Every structure is written in C-alpha cells, then in structure tokens.
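In what follows, a structure is listed as structure tokens, so that the remarks can point back to it.
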Amino acid sequence: MLQAASQILFSILAGSQSLKTIASRYGMRARGGFARRFIAGETVEEAIDAARQIEANGLHVTLDYLGESVASIAEADAATRAYIAVIETIAASGLERNLSLKLTQLGLTIDRATCVDNLRRVLDAGAAKGFFVRIDMENSPYTAVTLDVFETMWQQGYRNAGVVLQSYLPRSEEDASRMNALGARVRLVKGAYHEPRDAAYQAKADVDASFVRIMRILLVGGTYPAIATHDPAMIEATRAFAAERGIAAANYEFQMLYGIRRDLQNGLKREGFQVRVYVPFGREWFPYFMRRLGERPANIGFVIRGVLGER
Ligand SMILES: Cc1cc2nc3c(=O)[nH]c(=O)nc-3n(C[C@H](O)[C@H](O)[C@H](O)COP(=O)(O)OP(=O)(O)OC[C@H]3O[C@@H](n4cnc5c(N)ncnc54)[C@H](O)[C@@H]3O)c2cc1C
C-alpha cells in the first residue's frame, strides 16, 4: 500500500522538469552527488571504472546507457548512434560484453518500424563484437509490443538478445513458457512501474508468489535465466528449488542493481553463485533514479542529506 502510493508519487515527480533541473545540478556532483549511489556516472568512462571494480570482485556486469521515451525520430537515431559508440568503447576496454537497453529509447513510442531498424543496428554492432543485449521491460502499454519486436528479431536469426518479464503482470507466466519454447534468455524481475489494477497484481504477496512460479518455469525449461531481485525470500526460494531439482548454479544467474544490497551480491558470489550487476550510466538518469526512490521511500533520506550537504 505504502509502496504503491510511493510509486505513484515518484512517477508523477519523475515528470517534473523543475525537479529534474535541481536534481541534475546536485545529483551527480563528483563528490557527494546523491544519485551516485545508484548511477555509476554520466560518462561511459565512469561506468567502465565502476564496472571494473565490480568485475575485480568476481561479479559480472551489464551496462545500461540510460534513456527512455525519446520524443522524435532524430533523438531515437542519436540514442542508437550513442549505443553503437558505447559498444565500441566497452569492447576496447576489455570488460565483459553485456548491455541492457530500453525500446522507447530507440523510438518505440514514436514508430515501431523505426525502433526495429534501430534495434537491428544495435544488435548488428553488438553481434560483430560478441555482445549480449538485454531488452529491458517498460510499463504495461509496451509489454506486448516489446515481446513482439523481440520475437521478430529472433525469427530473423538474432540470438544475441534477451528479454525481461515482470512477475507483477499475470500474463508473464504464459510469456515465460513462450520464451522457453523459443529458447530465449529471460531476466525475471518483480516490475518497477506503477500499474493499474487490471494490468498487474497489487499485493506484494501476489507479486512474490507469481515470481516464484515464473522462476520455477524458467529454471526448469528456460535458457540460462536471470533471477533479478534483492529480496532474500525470492533468492532463497530460487536456491531451494534449484537444489531440489539438481539444477547447477552454472545454469542460471542472479542479478542485482548497482548500489543495492552489495552485501548480498558479494555473499552469493562467495557461496559459488553467479551474480551480475546492472550498471546504469549516462546523463538521462533522472527517471531511473526516481523509480529507485519510489521503490523504497527510505531512500529519500539520503537524497535530502546529499542536497543539504551540497548547498
Ligand atoms: C538487474 C535488474 C534489472 C531490472 N530490470 C527491470 C526491467 O527491465 N523492468 C522493470 O520493470 N524492472 C526492472 N528491475 C527492477 C525490479 O522490477 C524491481 O523494481 C526492483 O528490483 C525491486 O524489487 P526486488 O525484487 O528487489 O524486491 P523488493 O521486495 O522490492 O525489495 C526487496 C529488498 O531489496 C532492497 N531494495 C529493493 N529496491 C531497493 C531500492 N530502490 N533501494 C534500496 N534497497 C532496495 C530492500 O532491501 C528491499 O527490502 C530490475 C531489477 C534488477 C535487479
């Protein structure tokens, strides 16, 4: 209930231009910028530095050049070019070649065909350098079309891409079976957007129960699924199920977000599990950052401390 209210509030605030201006001023300051807790930097070089430290601890990474809901074909083209440049820079850095992106960043809100063309450009550039590209899942108006675009690319032979399913959507159980049948790699998350009652489970108990059901579908019939959560109960359920079915830790991975539950990330790694950290970077960090605040209202405390400390 509190979380739902907080998600609504923060999704409204995420649309505020004046708040964005203030946040941009203080959030990513070199010292003490409050957004640095969740965002690795505004440049790819900063993200690479952060990712190197994560890899040095034996964890894996996926880098996300932040951006979403671009408003014109020109912006979608610019984002696509920027992604291709990021591919080149990461390849030259020697980091693991794994990226995440959003289709509305490549123009899905404007025109599906443009978005497909842009995605193809990114996947081609990525394939040439051996990258895996995860297509993040956005809010429910985009669920069907995102999976559809993904399947189109799959049918055209692109195998270096994967998708995300959200356990707060009742439809995701069927989608998981559909993706398993394709042989596609799925990342399972609870879901980060405020969704209406007719689209998504509202109670945490329902979202969690669905997460466990889908986790089982993916672990039994999926292709190297990623179980992306910081919730100890979901992690324990995954470990217990894998142990019961004799599924080796090499056949799936856990994923967590940059700056959240590092203790858990390192603990799982020490126990022999594979852990991948999602490393977001770029100047368009505000909506991502606001979703992280909305998930956990307690986070607002460190923002206020950060802003007061900067003045
Ligand atoms: C690698 C990765 C990729 C993701 N990709 C997507 C995507 O494509 N689409 C999408 O809709 N969602 C995505 N998400 C976000 C996801 O949907 C959830 O919103 C987010 O992970 C919080 O849910 P949880 O499973 O950690 O469980 P929760 O029950 O929300 O949280 C469990 C515990 O985790 C910690 N925690 C969780 N969130 C925060 C936070 N913001 N700040 C501090 N502590 C926190 C707290 O200790 C909390 O008690 C992704 C998450 C991860 C880890």
Side-chain angles (χ1 to χ4, degrees), residues 2-4 6-7 10-11 34-35 37-40 51 54 59-64 66-68 98-105 108 132-143 146-147 150 161-169 172 175 185-195 199-212 214-215 225-238 252-265 267-268 274-280 287-303:
L2 181 63
Q3 175 149 359
S6 153
Q7 276 180 329
F10 281 94
S11 64
F34 55 80
R37 168 159 175 207
F38 296 127
I39 316 293
I54 293 165
L59 307 176
H60 300 276
V61 290
T62 179
L63 270 70
D64 177 18
L66 291 166
E68 54 199 86
N98 194 306
L99 284 176
S100 295
L101 55 73
K102 292 182 174 51
L103 292 188
T104 65
Q105 187 177 13
L108 188 61
F132 177 77
V133 180
R134 179 77 62 178
I135 301 173
D136 285 350
M137 187 56 83
E138 301 178 68
N139 45 341
S140 59
Y142 298 109
T143 311
T146 299
L147 293 176
F150 172 74
V163 279
V164 177
L165 296 178
Q166 299 154 322
S167 76
Y168 63 20
L169 298 185
S172 291
D175 290 333
R185 280 167 63 172
V186 174
R187 172 201 294 154
L188 174 63
V189 300
K190 289 191 186 181
Y193 299 83
H194 173 64
E195 293 290 354
Y201 297 122
Q202 304 291 314
K204 175 174 163 57
D206 293 334
V207 176
D208 288 358
S210 166
F211 192 98
V212 172
I214 301 170
M215 172 273 288
I227 308 302
T229 179
H230 318 88
D231 185 343
M234 298 300 104
I235 292 168
E236 187 44 45
T238 306
Y252 64 99
E253 67 182 27
F254 288 110
Q255 293 190 354
M256 295 188 211
L257 299 176
Y258 179 80
I260 301 184
R261 294 301 310 261
R262 288 196 187 106
D263 55 334
L264 209 50
Q265 297 173 12
L268 283 169
Q274 305 191 83
V275 180
R276 186 177 304 279
V277 180
Y278 183 103
V279 181
Y288 174 91
F289 176 72
M290 293 303 270
R291 282 195 292 279
R292 302 291 78 84
L293 292 191
E295 269 159 11
R296 202 152 183 262
N299 286 339
I300 195 72
F302 79 81
V303 175

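First listed ligand is number 1; within each ligand, the first listed atom is number 1. Note that the coordinates shown come from a computational prediction; the quantities given were computed from them, not determined experimentally.
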Out of [options], indicate the one that has the non-hydrogen atom closest to [atom].
atom                    : options                : answer
atom 26 (O) of ligand 1 : M137, K102, H230       : H230
atom 20 (C) of ligand 1 : M256, R291, R187, E295 : E295
atom 32 (C) of ligand 1 : L165, I227, D231       : D231
atom 40 (C) of ligand 1 : L264, L293, I260       : I260
atom 46 (C) of ligand 1 : K204, R261, R296       : R296
atom 14 (N) of ligand 1 : L101, L257, V189, V207 : V189

Backbone or side-chain N or O of [X] under 3.5 Å from ligand 1 N or O:
X    : result
P232 : no
Y278 : no
A192 : yes
Q255 : no

Heavy atom of R134, distance to ligand 1 below 4.0 Å
no

Tell me, please: is R37 in heavy-atom contact with ligand 1, that is, under 4.0 Å?
yes

N-O pairing of R291 and E68 below 4.0 Å:
yes

Are R261 and D263 within salt-bridge range, i.e. N to O under 4.0 Å?
yes

As a quick check of understanding, evaluate side-chain contact (heavy atoms from CB on, under 4.5 Å) for L188 and M234, giving each step before the final call.
CA-CA 11 Å; L188 174 63; M234 298 300 104; over 6 Å; no

Location of contacts on F211 toward ligand 1, heavy atoms closer than 4.0 Å:
neither

How does T62 reach ligand 1, by side chain, by backbone, by both or by neither, if only non-hydrogen atoms under 4.0 Å count?
neither

Show the atoms of ligand 1 that are less than 4.0 angstrom away from any heavy atom in V164.
7 (C), 8 (O)

Can you see whether N98 engages T62 through a side-chain donor-acceptor pair at a distance of less than 3.5 angstrom?
yes

Assess whether side-chain contact (heavy atoms from CB on, under 4.5 Å) is satisfied between Q265 and L59, documenting all intermediate values.
CA-CA 8 Å; Q265 297 173 12; L59 307 176; 4.1 Å; yes

Step by step, would you call I260 with R296 a side-chain contact (heavy atoms from CB on, under 4.5 Å)?
CA-CA 11 Å; I260 301 184; R296 202 152 183 262; over 6 Å; no

